[in-house]
Colleague: 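Got a structure here, written out as structure tokens. Questions coming.
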Amino acid sequence: MSSDETGPGILSTDGVGLNSIAKTTLIDTRYAMAYAAAVNDANPAYFDDLAPGGVTVHPGIAFALQWPSRFRPDQEPNPRAAPYGVHASTDLTIHRPFRTSEAVTTQGKTIQMRQIGPGVYNVDRYRMTASNGELIAELYYNGITRGATLDGPAAVLDEEPAWPEVSAPAEAPLWREEVPVALHAAQQYTECAQIYNPIHTEPSVASAAGLPGIILHGSATKAMSLSVVINRCFGGDATRITRLCGQLRAMVLMDTTIAVEVLAEETTGSKKKVLFRTVTEDGQSAIRNGVVCGRA
């Protein structure tokens, strides 16, 4: 670690290949409903516990399961690196839908650290398993520690999966749906999804970090965008979703409106792919190169 106290310093590759804390979470009906409320999704499937099989679990709950398992048990988080961390992209594969009344164990592993122009790029892979060991989902969580320096050559334990391609995307959107981000949206997501970071809830903390105001969690922007695609392209049936990819770019501020724009839909046999982007109120890309895959 560098002696420079003004930046993130030098980051070590020693953690590549080591597991994070394993966290087991019971997805009960209350938590499943709360996550849907976190992203303001009014699809009745997430709230009707009288339906056969109970409530449907929103696929975005994977982000909430990942959050408490992001640290290693043998190491305290680096407080100097935290303000410089940027959530760059995620790639979530769902092998089968999450279900209520099951305990899911989530554990991560850093599989890549390498130097790039803006800082240190890292890839963490989280695996979510049922009590019987069945793999439910895998989440590749990619970030950049801005201004950081790696302590040696790149360490690459494993490669990331190839990003899904959608042929012939349109330059203009096929359709567009606006989504309001209320003044309290970040607090609502924080408490219902159980993901707490004060830059999303306390203006004083956001200001100290150099932000123009509290910003919406990147995972909330992704889950809200996914909700729109599920409801418009998959008949409101979240159990059909098998993958969600997207690159995070512009910040989403409170009391604004974002828009989900679908650029292409492609169906091949039993599989469907949807290419989308999410833009802020002033036209910046909040999510770029978004792809949702699922059963047609």
Side-chain angles (χ1 to χ4, degrees), residues 19-73 90-109 111 124-141 161 188-196 217-220 222-231 233-246 270-272 292-296:
N19 289 326
S20 72
I21 297 169
K23 288 288 187 179
T24 300
T25 304
L26 174 64
I27 303 180
D28 57 12
T29 297
R30 176 184 177 186
Y31 189 30
M33 289 180 174
Y35 189 84
V39 295
N40 218 35
D41 193 326
N43 185 335
Y46 302 126
F47 300 99
D48 185 6
D49 65 346
L50 295 174
V55 301
T56 297
V57 181
H58 193 290
I61 205 169
F63 302 125
L65 298 175
Q66 173 266 334
W67 180 255
S69 65
R70 67 196 185 283
F71 297 124
R72 287 193 354 233
T90 49
D91 182 353
L92 170 64
T93 294
I94 300 174
H95 297 286
R96 61 96 163 147
F98 291 99
R99 302 168 185 153
T100 55
S101 302
E102 71 176 355
V104 178
T105 299
T106 305
Q107 187 167 35
K109 177 182 290 186
I111 62 169
D124 297 319
R125 179 179 61 212
Y126 293 86
R127 287 182 167 153
M128 302 170 194
T129 57
S131 298
N132 63 359
E134 179 188 12
L135 182 62
I136 303 171
E138 293 175 281
L139 174 63
Y140 287 80
Y141 185 102
Q188 180 172 316
Y189 188 78
T190 291
E191 301 306 328
C192 290
Q194 301 176 24
I195 298 177
Y196 174 65
H217 314 58
S219 61
K222 284 177 288 187
M224 292 166 75
S225 301
L226 176 59
S227 287
V228 171
V229 174
I230 289 172
N231 292 332
C233 302
F234 291 90
D237 185 359
T239 65
R240 292 165 58 185
I241 303 305
T242 58
R243 196 170 180 186
L244 167 66
C245 305
S270 63
K271 297 179 180 179
K272 184 174 188 176
V292 177
C293 303
R295 289 178 286 277

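The shown structure was predicted, so the numbers you read here are calculated from the model rather than taken from an experiment.
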Colleague: Measuring from atom CE of M224 to atom CG of D41, what distance do you get when rounded to the nearest 0.5 angstrom?
Modeller: 9.5 Å

Colleague: How many angstroms lie between OG1 in T56 and CE in M33, if you round to the nearest 0.5 Å?
Modeller: 10.5 Å

Colleague: Once you round to the nearest 0.5 Å, how far does CD1 of I195 lie from NE2 of H217?
Modeller: 6.5 Å

Colleague: Using side-chain heavy atoms (C-beta onward) and a distance below 4.5 Å, is F234 in contact with K272?
Modeller: yes

Colleague: Using modelled atom types only, decide if a donor and an acceptor are shared between the side chain of K222 and the backbone of F63 within a distance under 3.5 Å.
Modeller: no

Colleague: Can you tell me if D91 uses its side chain to pair, donor with acceptor, with the backbone of Y140 under 3.5 Å?
Modeller: no

Colleague: Any non-hydrogen side-chain atom of T106 less than 4.5 Å from a side-chain atom of T25?
Modeller: no

Colleague: For the backbone of H58 and the side chain of Y46, can you confirm whether one donor and one acceptor N or O come within less than 3.5 Å of each other?
Modeller: no

Colleague: Look up atom CG in D237 and atom CG in N43, then write down how far apart they are to the nearest 0.5 Å.
Modeller: 9.0 Å

Colleague: Taking all heavy atoms of I241 and all of P59, pick out the closest pair and write down the distance.
Modeller: CB-CG, 4.4 Å

Colleague: Please enumerate all residues that pass side chain to side chain donor-acceptor pair (under 3.5 Å) together with R240, with sequence neighbours excluded.
Modeller: none

Colleague: Could you work out, with side chain to side chain contact (heavy atoms under 4.5 Å, CB included) as the rule, every residue matching A34, not counting sequence neighbours?
Modeller: C192

Colleague: Distance only, no hydrogens: is a donor on one side chain within 3.5 Å (strictly under) of an acceptor on the other, for Y196 and Y189?
Modeller: no

Colleague: Please round to the nearest 0.5 Å and tell me the distance separating atom OG1 of T242 and atom NE2 of H95.
Modeller: 10.0 Å

Colleague: What is the distance from atom CD1 of I27 to atom CD of E102, rounded to the nearest 0.5 Å?
Modeller: 5.5 Å

Colleague: For the residue pair S20 and D124, establish whether any side-chain heavy-atom pair is separated by less than 4.5 Å.
Modeller: no

Colleague: Under 3.5 Å, sequence neighbours excluded: what are the donor-acceptor pairs made by side chains of residues 128-136?
Modeller:
unit_1 : atom_1 : unit_2 : atom_2 : d
N132   : OD1    : E134   : N      : 3.0
E134   : OE1    : R96    : NE     : 3.3
E134   : OE1    : R96    : NH2    : 3.2
E134   : OE2    : R96    : NE     : 3.3

Colleague: Quick check: do L65 and Y126 have side-chain heavy atoms less than 4.5 Å from each other?
Modeller: no

